[in-house]
Amino acid sequence: MRDAPSRRLITMASRAFLSALLLLFITPHIYLIAEALGDERASLIASATPLALGLITNTLYLICATLAVALVLGISSAYLVTHYSFCGRRFFATALCLPFAIPASVLASVATSLNHHYGLPISFENIAGAAVVLGISLYPWIYLPLKTTFSAQRARYGEAAQNIGLSPAQRFWRITLGLARPTIAATAMLVLMAVVSDFGVAQILGIKTISSGIYEAAFTMYRGDWAAQLSLMGLGIPVAALAAYLYFYRRSRSFTTKAVGYPPRRERLHGLSQLLIITYLSTIIAVGFIVPVTLLGYWALRFIGRISLHELPAIIGDTLLFCGSVTLLAVAVALAVTTLLRINPKLRRWKLATTLINLNYAIPSAMLAIALLFMGSALQWAPLQELLSYSIILVIFGAFLQYLCFPYFTLLSGYSSISRRLDDLAEVLGLSRWRRFYTIYLPLLKKPLAVGALLILVNILKELPLSLILQPFGFQTLSLRIYNYTSVWMFQESALFSLILIGCMIYPIVRLNATISESHHDCD
Amino acid sequence: MQKISTVTLTLLATLCFCTAHAATVRVLTDRTETHIKPLFEVFTKESGIQVEAVYVKKGLLPRLQARPTEADIVITKTADKLEEARLKSLLQPFTAPKLVGLDAKYRDRDNMYFLTSYRARAIFTSKKRVAIGDFTSYLDLATPAWKGRVAIRSGYHDYNISLFSQMMELYGAEKTRAFLSGLKANLARRPQGNDRAQIRAIHEKKADVSFGNSYYMAIMMSRADQRPWAESVNLFFPDQKGAGAFIMRSGAALTTATRNLKEASALLEFLVGDFAQYYLSATLNVYSINENLPISKMNQELLGVGQKEVVKGAFKANFIPLRDAVKHRPAVIQILNDLNFDQ
């Protein structure tokens, strides 16, 4: 048995570590608030009310429209692959994740080109077009977890509903969707935050949103206070949605029970109904993945002479180094924090405080980058400034702050599924906390670790705003190179880089789908 | 374990990497990499001085403000930012003879920055629906005759703010406000897209005139997918009998960094030399500050067609000093906000 003083020391050290981490996460918010309130000149709302209202209105329209598209695609596709058996079902179950490999800004540039150059009679340069592009790019956020949730639902609920006379439509709405509501709400929240933070699609399609307004305020009007005010407005939208979700989820939680029984049998489809479903799912994959990749491939081959390839290895190297560093750092810190919260009962109250980690994902990346730029410059020490200019430390740090929530919450969820009886058993057997972590927790956390790492990786690969503003000398990622081309309408020249980026994304996404599906063997 | 150690060491080494080149110039620029990097490569070949550049497409000025000595030189496609940087004491004067000897209209009066090239903020007009003489000045486009016929990108874009700031210096605040109000009333659609998107709108008969930079004509003609747009428009230089067309200026300056001053000055002098000026003119179809160099062939053939005052692309430019134009920027932005110009 360890001495009490050494345990107290470890608890103190753990508290210090958690305090330091929370301080790191809160500091950008403090900067935002200070910047928003700091200037003596009139606020954005007072000086430019129509402008501010226009940006907020457009953003809300975009959020609602994107959510509509993403929810319809995500829910319908998840339901079809889990509740029906048809030709190629396993293939579709995996292939429906693939649109996630295409960054929304790349999809926007493809859509623009189809309209500009190939005469597609639909213009995407409006809110509806942006919503379609974002919805197609982001629906896998909803599809992947929902596929798991639908597979975990048990047949007896449907059978009971059938027995009391509910129609198939009513069973779908009240039972299938009803039980999946927490998952739908949580994933819709991720889509919402991604839309608020989006910059690439808004810029390419010429949409005025809060995110584009932040860039304009900061870099054109030179009003950092307005940019901060817009960021707080942008932050307020997911915070309000999160508050509503938490309230709703707490109310409905008491009505869900532990899954007992067998999963619903998939209904075998034939003939016209099978054909319709295959056509529908094929269309989603075609529009979201096959058509864009085909067009990019055609451009890459045809216009390869217009780009210089000798920098390609360095660009790919920078991309992998950046993504790998952020992933490793975030997973390590997330594991450390969640383990501390698990093994030390005195730290349980910190769990609520650590939900603040969630908030950083909701800060528009541009504002986070500006905050870090100026916070970094406040450290007046020449060697440190040299380091910040020449290394990717600040970019890594910014991405870590923004995306830590992914591994953090998957590991938190992983720990919550490990029974506390195992802790009691370990205590009885006299296992030290380190041995408990190494022999009990770590093996059981392999899947949440993998899911968290893959989730953060697929987001970091597509990351743009932080790299754009904080990039050091001699640093260039695939996303940056793509943006440099598409910002001057050199869409064809960006194609090869887009394809390579998509190629880097495919394996993590397919692996993510497989890992999540393995957790529920009856998924596929 | 060995793998982890190797990876960790590699990561640490890369993260802590600092260059230690003997002759190096660091450049902060918002220019497109593919446009300017070839020049840096030629400079390095000729002088042996390495150029390290960071291409900050967004946030050049905040970056310079946050890290004033990170770079030795700042190069920008919108020289208004250099004036803003001067106002924030982020620049130091150059002393190189070649730069000091530039014509007064191509440099700041205290030698804080200089121009590397310029292009006109001109008017693209439909060949079929707009005749030469239908208008002569920018101000004409705010009159009721042009209702529903004008296309323009976001009023808040650097190019348009620069244009409106120069207008305010020339015409005054009241007239500029009246112009912007009239212009907004005449818009064929809400401001969206870039300059070429406006020309495309003319091609698709959604507008008859648009504002755009002169080099886009040559750019569009050289791309098969955009050539039809260019072939459906003329480029008109306004105010050729008056003060001249307003211009967008590219420029360069020394930051307050002092460690590579000699090398930085060498690069700046290179940028105003014959080779760099010829390169910029021939490849980007901008106008050189070296008046002895010929105007690019594309500009000679495509710009100001039908305008008697414009001979082979040579137009009358209005070189309003940046110091006088940029001071109107906040007022211009306020007018745009008041009018809700982009909605």
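Throughout, a chain's letter reflects where its sequence line sits, starting with A, and its residues are numbered from 1.
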Next on the checklist: Show, in sequence, the C-alpha distance, side-chain angles and deciding distance for A:Gln471 and B:Lys57, and conclude whether the side chain to side chain contact (heavy atoms under 4.5 Å, CB included) test is met.
Outcome noted: CA-CA 11 Å; A:Gln471 59 180 306; B:Lys57 298 284 284 180; over 6 Å; no

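- For the pair B:Pro62 and A:Ala218, the tightest heavy-atom approach, listed with the atom from each and the gap, is CG-O, 4.1 Å.
- Of the inter-residue distances, the one linking A:Leu51 atom CG with B:Asp338 atom CG reads 10.5 Å to the nearest 0.5 angstrom.
- Side-chain N/O atoms of A:Asn126 and B:Arg190 include no donor and acceptor closer than 3.5 Å.
- Taking the side chain as every heavy atom from C-beta outward, A:Tyr485 and B:Thr34 approach each other to under 4.5 Å.
- A:Glu216 touches chain B through its side chain: at least one heavy atom from C-beta onward sits under 4.5 Å away, while N, CA, C and O do not.
- At a 4.5 Å heavy-atom cutoff, the contact between B:Val27 and chain A is made by backbone atoms alone.
- With B:Arg67 contributing its side chain and A:Leu373 its backbone, the two residues share no donor-acceptor pair below 3.5 Å.
- Interatomic distance, CZ of A:Phe473 versus CG of B:Leu28, reported as 6.0 Å (0.5 Å rounding).
- Around atom CZ of A:Phe303, more than 12 heavy atoms belonging to other residues, nucleotides or ligands sit under 6.0 Å away.
- With a 4.5 angstrom heavy-atom cutoff, B:Arg200 touches chain A only via side-chain atoms.
- Side-chain contact between B:Gln334 and A:Met221: absent, with no pair of heavy atoms (C-beta onward) separated by less than 4.5 Å.
- Heavy-atom distances place the side chain of A:Tyr483, and not its backbone, under 4.5 Å from chain B.
- Rounded to the nearest 0.5 angstrom, B:Tyr55 OH and A:Leu468 CG are separated by 14.5 Å.
- When heavy atoms are compared at a cutoff of 4.5 Å, A:Pro472 approaches chain B solely by way of its backbone atoms N, CA, C and O.
- Highest contact tally toward chain A, considering only B:Gln343, B:Gln65, B:Gln192, B:Gln226, is held by B:Gln343 [criterion: heavy-atom pairs under 4.5 Å].
- Of the charged side-chain nitrogens involved, at least one lies within less than 4.0 Å of a carboxylate oxygen, so that B:Arg223 and A:Glu493 count as a salt-bridged pair.
- In this structure, chain B has a heavy atom under 4.5 Å from the side chain of A:Leu394, while its backbone stays farther away.
- The distance from atom CG of B:Asp342 to atom CG of A:Leu55, rounded to the nearest 0.5 Å, is 9.0 Å.
- To the nearest 0.5 Å, atom CZ of residue A:Phe219 and atom CG of residue B:Asp158 are 11.5 Å apart.
- The OG atom of A:Ser113 sits 8.0 Å away from the CG atom of B:Asp225 when rounded to the nearest 0.5 Å.
- Residues A:Glu125 and B:Arg189 form no side-chain contact, since every pair of their non-hydrogen atoms from C-beta on lies 4.5 Å or further apart.
- Not one N or O on the side chain of B:Glu52 forms a donor-acceptor pair closer than 3.5 Å with the backbone of A:Gly474.
- The candidate from B:Glu204, B:His157, B:Lys37, B:Arg153 with the greatest count of non-hydrogen atom pairs under 4.5 Å with chain A is B:Lys37.
- Counting non-hydrogen atoms of neighbouring residues, nucleotides and ligands closer than 6.0 angstrom, the NZ atom of B:Lys327 exceeds 12 such neighbours.
- Under the 4.5 Å side-chain criterion, counting only non-hydrogen atoms from C-beta, B:Arg329 is in contact with A:Thr220.
- Top candidate by heavy-atom pairs under 4.5 Å with chain B, chosen from A:Phe475, A:Phe374, A:Tyr215, A:Trp489, is A:Trp489.
- Heavy atoms of A:Phe322 lying under 4.5 Å from chain B are absent altogether.
- Judged by distance alone, the side chains of B:Ser154 and A:Lys208 do bring a donor and an acceptor atom under 3.5 Å apart.
- Heavy-atom distances place both the backbone and the side chain of B:Ala197 under 4.5 Å from chain A.
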